[in-house]
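In what follows, every heavy atom counts, from backbone to side chain, and hydrogens, waters and symmetry copies are set aside. We name chains A, B, ... by the order of the sequence lines, and we start the count at 1 in each one.
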Number of protein chains: 2
Amino acid sequence: MVELSTTRDGVANQAEASDRVLQILAEAGRLFATKGFDGTSMRDIAVACGISKSLLYHHFSNKDEIYARVAVGSTLELYLFVRDRIPDGPPSERIRAFMVATAEYFRRYRWAWIASTTAFWNDPDRHRQKERMTRRDRFENFLRGLIQEAIDAGEIRNVDVPMTGRLILSSLNWMHRWYNPNKSATPEQIADIFFDMVFNGLRNDGSAGLPPTVETPKSPRRKAR
Amino acid sequence: MVELSTTRDGVANQAEASDRVLQILAEAGRLFATKGFDGTSMRDIAVACGISKSLLYHHFSNKDEIYARVAVGSTLELYLFVRDRIPDGPPSERIRAFMVATAEYFRRYRWAWIASTTAFWNDPDRHRQKERMTRRDRFENFLRGLIQEAIDAGEIRNVDVPMTGRLILSSLNWMHRWYNPNKSATPEQIADIFFDMVFNGLRNDGSAGLPPTVETPKSPRRKAR
DNA sequence: GTTTTCGCCTACCAATCGGTCAAGCCCGCT
DNA sequence: AGCGGGCTTGACCGATTGGTAGGCGAAAAC
């Protein structure tokens, strides 16, 4: 149902775009994500693409449009992307699927995701900001619906639904700040780990694990950063 | 031990600074936080303070120094701030105290916190960035130490320590994106709720709560955003 | 074979950027 | 009264910003 072209590096939803346009969007996304909207000049984008600055204006009307195509264009269908990846089943498993699907989206459209979230507060276009807020709310409300289902089904405690949603989304939204695609696990695996921690809790209820007196084994726990 | 002056609006660690300097730091912090470093011009800061642009250069050598005083100066002692607020007691309670103290720091130095975290990737000063990384690592390693203690004491399961730390820090670090000081609970209360969710887990183990067949009551669950 | 179209570039623009400078204002000290 | 010095200013600087004008060259359309 949801069709996402992946012709070039994490640039989604850019149907019928030429290779050059896709290249510009990819480079611009990477720059916007790492240096911010205001920190990225049109010259930066042009140099990164190996083209002249004027050519950017041949393909896009202005800087704002490039950003819009990167941020809004690529994040257009996050809600649909996630929704279509949630199977039937117990609500808690649907929450897990929600988290894994969101992580997959993050992995696939990483630069656009970061560019979109880092410039969230100071989007120059008020209308676009509102539209993005609307989509974000729809996405968040969808998660809250799943949580409520899980409560109604008795799978999870009668917790504060919005707050629970925020906890879950925090774990996913903060990932771009520490995730390293070269090391560690995949975003999907990380999401799965986070779900396990949040759902089952950290508390040792004595059902498993070593007795506390035993020295913790020298497992490969040193790794990581 | 740790002395944090609070003479003006969330501007910490600026001993022996004149009112004017404190005003500049406060306004600059708010602007850096909302519009970013590159999105904030010296003129913006001057106008916000109701002074001339030149006066900024009388009190600070350049834009970078203002940012440094806001971001680094105010976040200088996060580690000490938190450490000194963690009581003796069971490791799990120390983790809770860690979260609550971090939330308190966020509440007190909110703009500086946001300005510091949003501009994290593209700090113009390499040396300062490195120093900030070092402090961040020390802060994070401190939390990991607490988690390891809790595991050794058998209070929490034998989870992946770095990943657990990231989950906890995510819930705190993402707060600035949705927290509204006018509504909702205090950051400290929110941190406490998050600790409860993560520590005890969301899963309904049947020890409490309503039976699943009963319709969930029309509690004040609509509220919030 | 000519014309149109499209991708692309060099040269340039006004506006704004961070930053400088010399001179005024205003205060307490002598 | 005079004077010294910190606070404050408007005018100005070169560099960089987003954006524009006009032309070149090849390929497609006629």
Side-chain angles (χ1 to χ4, degrees), chain A residues 7-8 11 14-72 115 119 122-126 128, chain B residues 7-8 11 14-72 115 119 122-126 128:
Chain A
T7 341
R8 194 177 285 264
V11 177
Q14 307 293 351
E16 299 175 18
S18 68
D19 281 356
R20 174 105 310 157
V21 168
L22 292 177
Q23 179 199 14
I24 293 172
L25 290 174
E27 292 294 337
R30 191 175 51 81
L31 286 170
F32 285 145
T34 53
K35 309 193 348 173
F37 179 82
D38 293 301
T40 302
S41 72
M42 292 297 268
R43 283 169 183 77
D44 291 339
I45 300 174
V47 168
C49 295
I51 60 178
S52 76
K53 188 163 65 78
S54 302
L55 188 52
L56 296 176
Y57 289 93
H58 179 74
H59 291 292
F60 302 90
S61 62
N62 51 37
K63 184 182 181 181
D64 235 47
E65 193 195 322
I66 299 182
Y67 175 75
R69 286 284 290 275
V70 169
V72 181
N122 45 330
D123 193 315
D125 186 332
R126 304 289 298 172
R128 191 174 55 218
Chain B
T7 341
R8 194 176 285 262
V11 178
Q14 307 294 350
E16 299 175 18
S18 70
D19 281 356
R20 177 93 326 146
V21 167
L22 292 177
Q23 178 198 17
I24 293 172
L25 290 175
E27 292 294 339
R30 192 176 50 80
L31 286 170
F32 285 146
T34 53
K35 309 193 350 173
F37 180 81
D38 293 302
T40 302
S41 73
M42 293 297 269
R43 282 169 185 79
D44 292 338
I45 300 174
V47 169
C49 296
I51 61 178
S52 74
K53 187 164 63 79
S54 307
L55 187 52
L56 295 177
Y57 289 94
H58 178 74
H59 292 292
F60 301 90
S61 62
N62 52 36
K63 184 181 180 182
D64 235 48
E65 192 194 323
I66 298 183
Y67 176 75
R69 286 284 290 274
V70 169
V72 181
N122 44 330
D123 192 316
D125 187 330
R126 305 287 299 172
R128 192 173 55 219

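For the pair B/Lys35 and A/Asp38, the minimum side-chain heavy-atom distance is 4.5 Å or more.
Taking atom CZ on B/Phe60 and atom C1' on D/dT8, their separation rounds to 15 Å, with Å as the unit. Straight-line distance from the CZ atom of B/Phe32 to the C1' atom of C/dG18: 12 Å, rounded to whole Å. Atoms CZ (B/Phe37) and C1' (C/dC17) sit 12 Å apart, rounded to a whole Å. For the pair A/Asp64 CG and D/dT17 P, the computed distance is 17 Å after rounding to whole Å. Distance NZ (A/Lys53) to C1' (C/dT10): 11 Å, rounded to an integer number of Å. What separates CG of A/Asp44 from C1' of D/dG18 is a distance of 12 Å, to the nearest Å. Spacing between atom CG of A/Leu56 and atom P of D/dA21 amounts to 17 Å, rounded to whole angstrom units. Across the protein-nucleic acid pair, A/Lys63 atom NZ and C/dA15 atom C1' stand 14 Å apart, rounded to whole Å.
Put simply, the side chain of A/Arg43 and the base of D/dG18 share a donor and an acceptor less than 3.5 Å apart.
Closest approach to the A/Ser54 side chain among C/dT10, D/dT9, D/dG18 is made by C/dT10 (side chain taken as heavy atoms from C-beta onward). The listed nucleotides are D/dT9, C/dC9, C/dG19; the one nearest the side chain of B/Leu55 is D/dT9. Comparing C/dG18, D/dT8, D/dG18 against the side chain of A/Tyr57 picks out D/dG18 as the nearest.
Distance CD1/B/Ile51 to NE2/B/His58: 10.5 Å, rounded to 0.5 Å. Here the straight-line distance linking atom CD1 of B/Ile45 with atom NZ of B/Lys53 works out to 11.0 Å at 0.5 Å rounding.
Between B/His58 and D/dC7 there is a side-chain polar atom (N or O) within less than 4.0 angstrom of OP1 or OP2. For A/Arg20, a side-chain nitrogen or oxygen approaches OP1 or OP2 of C/dC8 to under 4.0 Å.
Judged by the 6.0 Å distance and 45° axis criteria, A/Lys63 is not positioned over the aromatic ring of A/Phe32.
The two atoms that bring A/Phe60 and A/Ile24 nearest to each other are CE1-CG2, 3.6 Å, heavy atoms only.
Among the heavy atoms of the strands lying under 4.0 Å from B/Ser41 are primed sugar atoms or P, OP1, OP2 only; no base atom is included.
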